[in-house]
There are 2 protein chains.
Amino acid sequence: MMNRGGKRMGAGRPKGTNHYGEPTKPVRIPVSKIDRVLRFVREREDGIPLYGNEVPAGFPSPADDYAEGVLDLNAHLVREPTATFFVRARGDSMIGAGIHDGDLLVVDRSLEATNGKVVIVSINGELTVKRLRQAKGRTWLIPENPDYPPIDFQEQDDTHLWGVVTNVVHSL
Amino acid sequence: MMNRGGKRMGAGRPKGTNHYGEPTKPVRIPVSKIDRVLRFVREREDGIPLYGNEVPAGFPSPADDYAEGVLDLNAHLVREPTATFFVRARGDSMIGAGIHDGDLLVVDRSLEATNGKVVIVSINGELTVKRLRQAKGRTWLIPENPDYPPIDFQEQDDTHLWGVVTNVVHSL
DNA sequence: TTTTTGAATAATGTAACAACATTCAAAAGG
DNA sequence: CCTTTTGAATGTTGTTACATTATTCAAAAA
């Protein structure tokens, strides 16, 4: 093997040619979460596009500028992670509010349960979802289905108001 | 300062007393995502609990065992990230399928649009959501609202079937 | 007995390193 | 003069190493 020459100006791998197009730094991650972190970091640089009602040029090509940007469902649906939980809805008593049997309800305990909000309450160990209605110093739980009667509600030992439903996830 | 003694058996910080209760490893993360990764790793060790229809003891305390475990909305609603996009629904023509004006639709392009599926199509540059119905060699787009007429559908230059709606996110 | 204090040991953020990837242009070959 | 070969140059990347910090213990001091 013979020498193949000396200095080469401008040689070498150019900056910014890494997988992400930006610098990286080592961050310490608990081992059980490394998989999910790597999936988040590597597989979806673009997130999932969100479109409005017009068909954008090249729709739905992830390389485009998105009509309404990009969406992280966890962040979009959960404002207060520590105060949030999910409940699966049963029955059709709230069909008028768009809540169907089997739907997933996102419940925020940090929101105030004011008049007209859809809330999760427990009555005798059963969870139920109804609309809260306060009038004339009394509180009612109103189903959104004429087949069901309103419930006279007052917090006691066996009843408790757990939180406000912010979102309904319905599977088709 | 005087010497305060020699060997101490069992002294020192005990193992497993870190923030996570498990070992950590450095992972290289693109700088723009470090914030979100740290938030994910640090702020929510428990995830968000998912409950069924009975009230578990101590509900809803994150320390409990959850009736149905823990849920990551992105993973739960998005099976094929690269083939998925979101569309915001307009109008009430699919009210019977639980799709309301302003709802967020999760659309999977990798699923086959078979008879009976709810699909996203573009017609003359407008996106619309309807139920696909194939019969007698023809294809129809059926609204789920008696106020709207079925549409005779065939893919042409100005029409295209974009994907199958898998989930509907409805905000209250 | 209680308090003070430094030794012992784990956790943590980051620098450093070795292995790898990428690009360039000089040298070789035609 | 053009094409191919080849090693230098330089960035990237996963992991190790390390200095600093945090935590606990028990001997020494009070």
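Computation of the quantities below employed the complete heavy-atom set of this structure, encompassing side-chain atoms and omitting hydrogens, waters and symmetry-equivalent molecules. Letters go in sequence order (proteins before strands), and every chain restarts at 1.
- In summary, A/Arg138 and A/Asp152 engage in a salt bridge, as defined by a charged side-chain N under 4.0 Å from a carboxylate O.
- Atom pair A/Lys25:NZ and D/dT15:P shows a separation of 19 Å (rounding to whole Å applied).
- Atom NZ in A/Lys15 sits about 14 Å away from atom P in D/dT13, given to the nearest Å.
- Atoms CZ and CE, from B/Arg131 and B/Met94 in turn, are 5.5 Å apart once rounded to the nearest 0.5 Å.
- Judged by distance alone, with hydrogens and angles left aside, the side-chain atoms of A/Asn115 form a donor-acceptor pair with the main-chain N or O of A/Gln134 at under 3.5 Å.
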Can you give me the N/O atom pairs linking the protein to nucleotides 20-22 of chain C at distances under 3.5 Å, or say none if there are none?
unit_1, atom_1, unit_2, atom_2, d
C/dT22, O2, A/Arg13, N, 3.3

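- Grouped with A/Tyr148 in a hydrophobic cluster is no other residue, since no side-chain heavy-atom contact under 4.5 Å to another Ile, Leu, Val, Met, Phe, Trp or Tyr is found.
- For B/Glu22, the side-chain hydrogen bond (donor to acceptor under 3.5 Å, both in side chains) test picks out A/Ser32, with sequence neighbours left out.
- Counted by atom type alone, A/Asn145 and A/Ser93 present zero donor-acceptor pairs between their side chains at under 3.5 Å.
- Scored by the side-chain hydrogen bond (donor to acceptor under 3.5 Å, both in side chains) test, A/Thr166 finds no partners at all (sequence neighbours excluded).
- Summarising the geometry, the separation between CD on A/Glu22 and C1' on D/dT13 is reported as 15 Å, rounded to the nearest angstrom.
- As a whole-Å value, the separation of B/Ile34 CD1 from C/dG13 C1' is 11 Å.
- The side-chain hydrogen bond (donor to acceptor under 3.5 Å, both in side chains) search around B/Thr139 returns none, not counting sequence neighbours.
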Please write out each protein N/O paired with an N/O of nucleotides 16-19 of chain C under 3.5 Å, distance rounded to 0.1 Å.
unit_1, atom_1, unit_2, atom_2, d
C/dA16, N6, B/Arg28, NH2, 3.4

